There are 2 protein chains.
Amino acid sequence: MQITTRFTIAVHIITAIDYFNGKEKVTSSFLAESVGVNPVIVREIMGDLKAAGIIAISQGKSGIELVKDTRDITFYDVYKAIGCVDGEGLFHFHERPNPMCPVGGHIHKALDGKLQIIQSEFEDSLKCITLYSVIADTRQAIADDSELLHLS
Amino acid sequence: MQITTRFTIAVHIITAIDYFNGKEKVTSSFLAESVGVNPVIVREIMGDLKAAGIIAISQGKSGIELVKDTRDITFYDVYKAIGCVDGEGLFHFHERPNPMCPVGGHIHKALDGKLQIIQSEFEDSLKCITLYSVIADTRQAIADDSELLHLS
DNA sequence: CTAAATGTAAATAATTTTATTACAAGTTTG
DNA sequence: CAAACTTGTAATAAAATTATTTACATTTAG
């Protein structure tokens, strides 16, 4: 497994921070409620987003703010912030190929570059989608729903 | 986590079948030795590859053969054969967003399409790399090594 | 000072993945 | 046919990863 739920949780968090800005007091507990996970998970992810310069928070201080324009936050920024890049990436190589076997001893060398190409292309895809678009679509979906309610 | 070691194991297996064709008696145990995993894992993956029409094996019969030209087997074929497609794909959505929250209730709708685009682009990347290229590079790496030995 | 938030660590639980054991069933060979 | 070997598969155990929970320190606002 390589892309944890932490990624979609992070996107959810950023969207909620933007959406509830000025409307509600946004705390880790509030966000945890919206996301449906434990507040500690939210705080850990918020810490990652803070370290990445995406949000601003500080101990004791209530209130979470977005630092960057959501047009300038891409899925890649979030993916990287969550720590998916430092690890092994998308692919998980089996760890004990037999070095005494010609294939086992050389497959890693033959595969790594190709897997890296795919990883890079994947990251390029992530760079094409902004949080702004997610937020816009979320607002639209909410508006559509609310309209339906008024009609009925 | 989404792409298991089964993917690289499958690539390893196909490469080994091709490489040892005619040289060694290739069995699940032999392959397990090269890959460094349990023979049962190899058999399960072989079963997937068989179902996908990539290799031919049958109970009792010793000898595994590639059915398709390795030029026509892409990473995507392997990825699909291993069962990565039927599942949830690359991304793992957090499962309990709060439906009572405007964001929690609509984020899924706003995100799904975008994640699907990335998934599709990822699969397109996989389609660009053939097993033939992996096998060629593996043979090359083996040859380079053997040459080094002779020089020393 | 008190209340409320974030920041973290540690222990537990849950989930997923891999390994192992065991045996059934089909082939081949002698 | 019998023996040896192989794939096919189920069931259980072990290992690794992820998520949850509890607890408490730290910081800020009122």
Side-chain angles (χ1 to χ4, degrees), chain A residues 1-10 12-13 17 20 24-33 35-52 54-65 67 82-84 86-97, chain B residues 1-10 12-13 17 20 24-33 35-52 54-65 67 82-84 86-97:
Chain A
M1 140 189 127
Q2 300 310 335
I3 303 177
T4 56
T5 58
R6 297 167 69 83
F7 175 77
T8 56
I9 292 174
H12 186 147
I13 287 175
I17 292 173
F20 290 112
E24 302 271 352
K25 191 166 83 171
V26 179
T27 68
S28 61
S29 300
F30 176 81
L31 290 171
E33 188 79 12
V35 176
V37 296
N38 194 280
V40 174
I41 305 287
V42 172
R43 280 182 225 147
E44 283 173 358
I45 293 174
M46 288 196 314
D48 289 339
L49 295 176
K50 177 186 178 183
I54 295 175
I55 65 175
I57 42 178
S58 58
Q59 244 180 352
K61 201 185 248 172
S62 162
I64 302 166
E65 286 178 7
V67 172
I82 295 310
C84 299
D86 309 327
E88 314 179 22
L90 281 177
F91 297 97
H92 195 222
F93 218 103
H94 51 291
E95 280 149 28
R96 299 186 300 278
Chain B
M1 135 209 59
Q2 302 307 336
I3 302 178
T4 56
T5 58
R6 297 167 68 83
F7 175 76
T8 56
I9 292 174
H12 186 147
I13 287 175
I17 292 173
F20 290 110
E24 302 272 352
K25 192 166 84 171
V26 179
T27 68
S28 62
S29 301
F30 176 81
L31 291 171
E33 189 79 11
V35 176
V37 296
N38 195 281
V40 174
I41 305 286
V42 172
R43 281 182 223 145
E44 283 174 358
I45 293 174
M46 289 196 313
D48 288 339
L49 295 176
K50 178 185 179 184
I54 295 175
I55 65 176
I57 41 178
S58 56
Q59 237 177 358
K61 202 184 247 173
S62 163
I64 302 165
E65 287 177 9
V67 172
I82 294 310
C84 299
D86 309 327
E88 313 178 24
L90 282 177
F91 297 97
H92 195 221
F93 218 103
H94 50 292
E95 279 148 28
R96 300 187 299 279

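If you're wondering where the values come from, they're calculated on a predicted model, not measured in any experiment. Reminder, nothing fancy here: chain letters follow the sequence lines and each chain counts from 1. Hydrogens, waters and symmetry mates play no part in the numbers below; they use all other heavy atoms, side chains included.
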S.K.: Restricting to side-chain hydrogen bond (donor to acceptor under 3.5 Å, both in side chains), what partner residues turn up for A:T8, sequence neighbours left out?
M.R.: B:H94
S.K.: Mind checking what makes salt bridge (charged side-chain N to carboxylate O under 4.0 Å, His left out) contact with A:E33, not counting sequence neighbours?
M.R.: none
S.K.: I'd like a table of atom pairs between the protein and nucleotides 18-24 of chain C - only N or O on both sides, under 3.5 Å - with the distance next to each one.
M.R.:
{"unit_1": "C:dT18", "atom_1": "OP1", "unit_2": "B:T5", "atom_2": "OG1", "d": "2.6"}
{"unit_1": "C:dA19", "atom_1": "OP1", "unit_2": "A:R96", "atom_2": "NH2", "d": "2.8"}
{"unit_1": "C:dT20", "atom_1": "OP2", "unit_2": "B:N38", "atom_2": "ND2", "d": "3.2"}

S.K.: Give the rounded distance in Å between these two atoms: CD1 of B:I64 and P of C:dT27.
M.R.: 16 Å
S.K.: Atom CD of A:E24 to atom P of C:dA5: distance rounded to whole Å?
M.R.: 13 Å
S.K.: Grab the NZ-C1' distance between A:K25 and D:dT28 for me, whole Å please.
M.R.: 12 Å
S.K.: In whole Å, what is the span from the CG atom of B:L31 to the C1' atom of D:dC5?
M.R.: 15 Å
S.K.: Roughly, in whole Å, what's the span from CZ in A:F7 to P in D:dA19?
M.R.: 14 Å
S.K.: Could you tell me how far apart B:I57 (CD1) and C:dT27 (C1') are, to the nearest whole angstrom?
M.R.: 14 Å
S.K.: Tell me, please, which residues at least two apart from A:V40 pass side chain to side chain contact (heavy atoms under 4.5 Å, CB included).
M.R.: A:N38, A:R43, A:E44
S.K.: For A:E24, give me all partners under side chain to side chain contact (heavy atoms under 4.5 Å, CB included), at least two apart in sequence or on another chain.
M.R.: A:F20, A:F30
S.K.: Within less than 4.0 Å of OP1 or OP2 of D:dT7, is there a side-chain N or O belonging to B:S28?
M.R.: yes
S.K.: Is the closest side-chain heavy-atom distance between A:V37 and A:T5 below 4.5 Å?
M.R.: no
S.K.: Whole angstroms only, please: what is the CD1-P distance between A:I45 and C:dG7?
M.R.: 13 Å
S.K.: Quick one: B:I17 CD1 to D:dT6 P, roughly how many Å, whole number?
M.R.: 15 Å
S.K.: What is the minimum heavy-atom distance between A:M46 and A:S28, and which atoms define it?
M.R.: CE-CB, 3.6 Å
S.K.: At under 4.0 Å, does any side-chain N or O of A:K50 touch on OP1 or OP2 of C:dT6?
M.R.: no
